[in-house]
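Worksheet: one structure, shown below.
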Amino acid sequence: MNDLLLAKSIFLICVFLSLFSAERIARAAKPPEARVRLLRNFGLWIIVALASPLIVAPLTALGANHIVWERNPELTVGLIGLAVLVIDLVVLDLWTYWLHRAYHRVPLMWRLHEVHHRDEFLDTTSAVRFHLGEVVLSALLRLIPVTLLATPLTTVIVFETVLLASALFHHSNIKLPRALERALSYFIVTPSIHWVHHHAIRADTDSNYSSILSVWDRLFASRSATVRTSDMKIGAEGVEDLSFIGLLLAPMVRKDP
Ligand SMILES: [Zn+2]
């Protein structure tokens with residue numbers, strides 16, 4: 001298990017560094033001059049990274065160790081094992097889609113998720129900009145599918161790895177060849193899809209919820225018709241970004257209109 005967690009960390013660091021470098025070579029939109037935004041995003045990520053081994057990882061392990069039924073061990077070997085793994089990953093992605101919709105629809109959950117949406121530009125650092133409260137709540141709620149489906153802990157770790165790699169990619173400020181991005185967007189969430197989710201127009205913010213596979217938005221009629229432009233205003237409608245401390249406190253002090 002420790003080998004898998006180490007492999008996860010090394011893989012994600014490689015993905016982050018590759019995309020972080022690539023978006024400085026071929027960028028889709030001009031980044032803001034001020035570097036303070038990067039400090040805010042990294043600051044939130046460091047809190048999550050420090051707290052994660054203490055809270056999120058034990059929660060994940062707890063769920064995987066308290067499954068309500070045992071899977072047949074034969075379901076983990078050979079081609080059947082691979083097929084079951086793919087099905088598990090797709091189910092967890094579907095769960096993440098609906099959880100993301102809930103973060104936008106439930107006012108108390110939006111207070112947490114709005115910290116992510118207040119970012120006024122998008123790049124790879126946006127993918128790690130989440131309030132610790134949202135990360136913990138998401139890990140808690142993921143116990144529901146994990147315990148009901150007896151999802152193996154290794155599968156959950158693989159899913160978390162793919163999810164974060166996907167988030168790094170679809171938040172990134174990379175300029176991809178139009179034909180390539182269009183082809184990819186039929187299968188996975190690309191920057192052009194996810195940037196519209198961060199458009200500072202509420203109707204667009206409440207669309208394009210998919211995280212890995214792009215099919216969910218088409219299937220559940222939440223795909224926006226808005227086409228991404230390099231100068232579209234990014235953020236949460238009607239509010240501005242906050243200081244680092246302000247972002248930490250925002251879910252507790254903000255009053256709903
Ligand atoms: Zn969102």
Side-chain angles (χ1 to χ4, degrees), residues 19 28-29 37 40-41 44-45 47-48 56 92-142 145 159-160 162-173 185 188-229 232-242 246-248 250-252 254 256-257:
L19 292 170
R37 177 186 152 266
R40 278 197 294 261
N41 291 1
L44 287 169
W45 172 71
I47 289 177
V48 169
V56 179
L92 288 174
D93 190 38
L94 174 61
W95 171 267
T96 305
Y97 167 85
W98 282 105
L99 183 61
H100 192 183
R101 281 186 79 145
Y103 272 112
H104 281 249
R105 291 297 177 191
V106 180
L108 282 175
M109 293 174 77
W110 173 249
R111 286 182 179 215
L112 293 167
H113 190 55
E114 194 187 39
V115 170
H116 175 65
H117 274 274
R118 277 183 186 256
D119 200 354
E120 293 173 342
F121 188 72
L122 288 181
D123 58 21
T124 46
T125 70
S126 310
V128 294
R129 173 194 162 121
F130 286 94
H131 195 280
L132 178 63
E134 177 174 349
V135 176
V136 172
L137 181 61
S138 298
L140 260 175
L141 292 174
R142 194 184 295 150
F159 176 73
E160 287 176 344
V162 177
L163 180 65
L164 188 48
S166 173
L168 287 166
F169 171 63
H170 64 233
H171 284 95
S172 72
N173 184 26
S185 69
I188 61 171
V189 180
T190 59
S192 65
I193 294 175
H194 198 72
W195 276 55
V196 172
H197 180 68
H198 283 265
H199 190 194
I201 300 291
R202 188 73 204 207
D204 279 339
T205 306
D206 293 341
S207 71
N208 294 9
Y209 298 106
S210 297
S211 295
I212 300 174
L213 299 175
S214 59
V215 66
W216 309 125
D217 283 305
R218 295 197 295 277
L219 199 59
F220 301 113
S222 55
R223 182 71 175 264
S224 170
T226 302
V227 176
R228 174 194 180 188
T229 59
M232 71 195 301
K233 184 170 164 40
I234 298 296
E237 186 179 274
V239 294
E240 295 182 341
D241 204 357
L242 298 168
L247 288 170
L248 288 178
M252 280 76 82
R254 178 170 178 266
D256 290 318

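Just so you know, ligand 1 is whichever comes first in the structure, and atom 1 is the first atom listed for that ligand.
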With the side chain counted from C-beta on, respond yes when Asn208 and Arg223 share a heavy-atom pair under 4.5 Å apart, and no when they do not.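 They are in side-chain contact.
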Pair Asp241 + Arg40, salt bridge at N-O below 4.0 Å: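 Between Arg40 and Asp241 there is a salt bridge, with a charged N closer than 4.0 Å to a carboxylate O.
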Check: Trp195 side chain, Val227 main-chain N or O, donor-acceptor pair, under 3.5 Å: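 No; zero donor-acceptor contacts below 3.5 Å.
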Would you check if the side chain of His197 reaches a backbone N or O of Thr205 as a donor-acceptor pair within less than 3.5 Å?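 Answer holds: yes.
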Distance-minimising heavy-atom pair for Ser126 and His116: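 That would be O-CE1, 3.0 Å.
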Protein N, O or S atoms less than 2.8 Å from the Zn ion (ligand 1), ignoring waters?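 Checking every protein N, O and S atom gives His100 NE2, His104 NE2, His113 NE2, His117 NE2, His197 NE2.
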Taking atom types as modelled, find out whether Asp204 and Ser224 have a side-chain donor-acceptor pair closer than 3.5 angstrom.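 Side-chain D/A pair, Asp204 to Ser224: present.
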